[in-house]
Amino acid sequence: MTMSHLDELEAESIYILREAFNRLGKIGLLWSLGKDSNVMLWLARKAFFGKVPFPAMHVDTGKKFKEMYDFRDQYADEWGLNFMRGECPPLSEIDPSLPPATRAAARKTEGLKRFLAEHKFDGVIAGIRRDEEALRAKERVFSPRQTTGEWDFRDQPPEFWNQYNTSFPPNVHVRIHPLLHWTEVDIWKYTLREGIPVIPLYFAKNGKRYRSLGDEDITNPVDSDATTIPEIIRELETTTVSERSGRAMDHEAEDSFERLRANGYM
Amino acid sequence: MTEYTEAQQRDLLKIVIVGHVDHGKSTLVGRLFHDTGSLPDGKLEAIQAMCDQRGLPFEYAFLMDAMQAERDQGITIDTSQIWFNTDQRDYVIIDAPGHTEFLKNMITGAASSEAAVLVIDAGEGVQEQSRKHGYLLHLLGVKQIAIAVNKMDMIDYDQAKFDAIETEYRAYLTSIGVTPTYLIPVSAREGDNIASRSANMDWYQGPTLVEALDSFEDTSLPVDAPLRFPIQDVYKFDERRILAGRIESGTLKVGDELLFSPSNKKARIKSIEAWSVPEQPTSASAGASIGITLDHQLFIERGELASHVATPPLETDVFTARLFWLAKDPLTVGKCYTMKLHTGECQVEVQEIRTVINTDTLSEGAGSELQRNSIGEVVLRARKMLALDGYDDVAATGRFVLIDNYNIAAGGVINMTGYADQRDLITQKSENITRVSHDVTEEARAARNGHIGGVLWFTGLSGSGKSTLAVLVEKRLFQKGYQSYVLDGDNVRHGLNANLGFSPEDRAENIRRIGEVAGLFSRAGMVAITSFISPYRSDRDRARTAVGSNFHEIYIKADVAACEGRDPKGLYKKARSGEIAEFTGVSAPYEAPENPQLVVDTVSQDIETCVDQIVDYIEEHLSLSRSKSLDFSI
């Protein structure tokens, strides 16, 4: 009865989701509709035996692909989710000193902050992975933030074994990261194994596909012929192109992503 | 459609890279990536551009150092992870900071690893942090360690210098109980002995670093160990009442009888619940996050530890632990912290700091506090009964963290040597028993005797004078007309407790029985004087509970030196020569009473004064009327 690598990843994520549900007060799961948060939602259904006991929340920039909105409307209903939608402020309300794409991405941070403040969440579950980006690699599973959403990445709490710190002072809210230890290829292998629905934009059309889905105006497809999940897996096992190469705001300045994350971006 | 099966999955090994600051950890990681062809497109160019912009020579370190502050200062602040692969398998490399200030980040990285590479600068040699990191890896349970002696190019690939470092560090690791698997001379900057064999060091015959990593084993989950299933939560979303949690060790199956500790409740597994699976599972093993239902309703909470009946965890409220203290404020004796142990939480008090361990010299000294980033052995006392294991027996239920002021202040591993499993002491085995009430009241007994019943519980080291004083007090009380009797350690072990030895469990059972017998004497209206070392506070507390309000704890106080000087039974001599193992005060703990009703100092006072002191106390607390009791005197 040995566990496969995917079994181990799944068991760890379920453990984290259950810790968050038991130890924290009001929590919700950020559902960005992409491949990662779909896996996360699936894991939550597994963790709680089919019933997700907290809301699935989409902080909407209004600039997602049509396919993403269709997907959201179908599965929020089909999976019986307690769905909540948050709105992002217009670009004019965002720090104009940021480079253009970074500034556009920062709308989401601001929208999230306002959403969390309005509904007074103690913690949010986010589907980031360590392999996505070097700064995310430094994240903790339970990552405390100030009320303003700032990440003090210079002084993070230690994490021993699976003893996550889940006690926080009143004015702190927490980001919970159940997928931190997954890689992009793990996500696809698990999606395939479990038969999790996928937005069609991930599959190649005319030699191009999306590897990472963000806003329509700042996300670009990569060259690919992969039209099925096994082909995507095969492609990822040989590619040397980084996953977020299609995300403009990561590359505008050396520290643009760091600035975004320190301010509360996921 | 191309077929893809899970069988095609490769193994993944988690490796942490640790070592003193500037010994070249991040460079080593960069070189590993480069030489195994694991770098993403454009990454080298991006690092080159970053270095040009700062006017710095090319540094692989920038691959891992993602933060602006890390790149500016050229040091790793927080642990980072990056994936790479060799022909044989996939790896997660965890790069952990070497700087003392970021030790908590180093530990965070190392605690989740299955193997470690410890980097030592060949020019600087073994440093304090090299030793500390070796020690911490050992405490964290990382058993597969490769030592990379780096920067060999800087010392002209000198074998003699490498040999000297190898000898020194091997000796250190051996002394703390670690066997390093490999010591490899490398140059991360030049690529010597990383992925390919170095032409500069013909004298080295061992594996390259990549070969060493490939030889490490994927640490298997403890499937065959005793079952440990800590309850994480109880769900009642529908008609099912599901106990959820992750199996830390062992295997369970439907129909198994489970014992829940510390509550000692039992039930059988009715089902293993799962969502979106082809068929309901009938068994589950270590590592799996599961949910079960039971054959009958039990009130079970988070923090209970399920096991099989035959292989239960230990139950105790006191234990020793090796702690690595990370908080800014030092750990001090008497302070309380929240302990997180598997899924349970409990307040614990620091009863004693046995030793503060200097990881550099490995010297151990006593101390009243444990400073940030230091390691020590402490005695912790919990506010309630805990279910746990020694760390060496079951790792997951033998380690914990301490929380202070919302922060993780320490990690620790449990050692139960010298402390009893208290499960039997609190478990009533027979059922269907009903108490019988007496027609003779305690008041009637007291009126006839002229005094109320009670227990004078003498505690103190062997040789402190307990038995000597007990018989003298008994005699004096008899002369005063008291009904009194001495229960003495050696006497009781000839009869009532002849079947008990001196293991912590037997000692605890010895005291439990004496507590019960003394309680009976007391209720019979007599004054029982007990003369037992009774070293554990838990045991005395249990005796106090058995006896009730008329329990008087009397500390017969004399330090080890004084007792050893007296050594009336020659026991200290035997203990020192190793003839007696686990001798209180020498090789086993003595927990002095916190708030005894009376302290009798047998070092500064003569025997007569001590007897007077105790008899005065008895007359004051047990006599119905002091003047009346004097009438009985001869």
Side-chain angles (χ1 to χ4, degrees), chain A residues 1-8 10-15 18-19 21-22 42 45-51 53 130-131 133-135 137-138 140 153-154 156-163 165 167-169 172 181 183 189 192-194 228-231 233-234 239-242 245 254-255 258, chain B residues 1-4 6 9 11-12 39-43 50 53 64 66-69 77-83 104-105 107-108 111-112 220-221 223 232-233 235 237-238 240 242 244 246 251 273-276 283-285 287-289 291 302 326 338 340 396 399-401 403 406-408 411:
Chain A
M1 239 177 332
T2 55
M3 292 176 81
S4 72
H5 179 53
L6 287 184
D7 292 337
E8 286 184 40
E10 178 191 72
E12 178 71 21
S13 298
I14 288 175
Y15 181 81
R18 288 173 174 173
E19 280 299 281
F21 177 56
N22 181 285
W42 192 268
R45 297 173 80 202
K46 281 217 168 185
F48 306 107
F49 304 94
K51 160 90 186 161
R130 286 202 174 98
D131 79 324
E133 203 279 327
L135 261 186
K138 292 179 183 285
R140 298 292 187 266
F153 53 78
R154 283 181 187 78
Q156 297 200 71
E159 280 182 352
F160 282 99
W161 309 301
N162 293 305
Q163 288 295 1
N165 186 13
S167 59
F168 301 97
V172 167
H181 54 299
T183 64
K189 287 176 177 175
L192 178 68
R193 181 179 100 171
E194 298 287 316
T228 64
I229 299 178
E231 285 172 11
I233 292 168
R234 200 114 45 79
T239 187
T240 51
V241 177
S242 83
S245 58
E254 186 187 316
D255 67 340
E258 182 169 330
Chain B
M1 179 162 157
T2 318
E3 281 306 308
Y4 168 80
E6 250 190 88
Q9 277 192 55
D11 288 340
L12 178 108
L39 278 181
D41 278 359
K43 194 72 193 181
M50 195 190 299
Q53 196 187 335
M64 300 292 273
M67 297 171 185
Q68 191 90 357
I77 293 174
D78 207 331
T79 181
S80 191
Q81 294 192 13
I82 191 159
W83 280 253
K104 70 183 167 81
N105 296 341
I107 287 175
T108 298
S112 63
S220 53
L221 292 158
V223 171
Q232 194 177 5
D233 211 339
Y235 300 138
F237 298 127
D238 46 37
R240 296 170 296 178
I242 299 176
R246 186 177 48 193
T251 300
E273 299 293 328
W275 175 83
S276 184
S283 69
S285 292
S289 284
R302 177 182 164 96
L326 299 169
T338 301
K340 290 187 79 175
R399 60 195 183 195
F400 62 91
V401 296
I403 310 273
Y406 301 111
N407 294 311
I408 290 188

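Convention: sequence-line order gives letters A, B, ...; per-chain numbering from 1.
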(message) Would B:R399 and A:N162 count as a side-chain hydrogen bond (donor to acceptor under 3.5 Å, both in side chains) here? Give the steps.
(response) CA-CA 10 Å; B:R399 60 195 183 195; A:N162 293 305; over 6 Å; no

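- Looking only at heavy-atom pairs under 4.5 Å with chain B, the residue among A:R18, A:K46, A:K51, A:E10 that has the most is A:R18.
- Taking both residues in full, the closest heavy atoms of A:A11 and B:G287 are given as CB-O, 3.1 Å, listed atom of the first, atom of the second, then distance.
- Among all heavy-atom pairs drawn from B:N105 and A:R140, the shortest one is OD1-NH2, 2.9 Å.
- The side-chain heavy atoms of B:S276 and A:W42, taken from C-beta on, include a pair separated by under 4.5 Å.
- Among all heavy-atom pairs drawn from B:S289 and A:Y15, the shortest one is OG-N, 3.7 Å.
- Across every non-hydrogen atom of B:Y406 and A:N165, the tightest pair is O-ND2, 2.5 Å.
- A:E159 pairs with exactly one of B:V401, B:I408, B:T108 by the side chain to side chain contact (heavy atoms under 4.5 Å, CB included) rule, that one being B:T108.
- Classification of the A:F48-B:F237 ring pair by plane angle, with boundaries at 30° and 60°, yields perpendicular.
- Put simply, of B:A396, B:S112, B:A288, the one with the most heavy-atom pairs under 4.5 Å next to chain A is B:A288.
- The residue among B:N407, B:I242, B:L221 with the most heavy atom pairs within less than 4.5 Å of chain A is B:I242.
- When side chains are defined from C-beta on, A:P158 does not count as touching B:I107, because their heavy atoms never get closer than 4.5 Å.
- Among the candidates A:E12, A:E8, A:R45, A:H181, the residue making the largest number of heavy-atom pairs closer than 4.5 Å to chain B is A:R45.
- With sequence neighbours excluded, no residue satisfies salt bridge (Lys or Arg N to Asp or Glu O under 4.0 Å) with B:D233.
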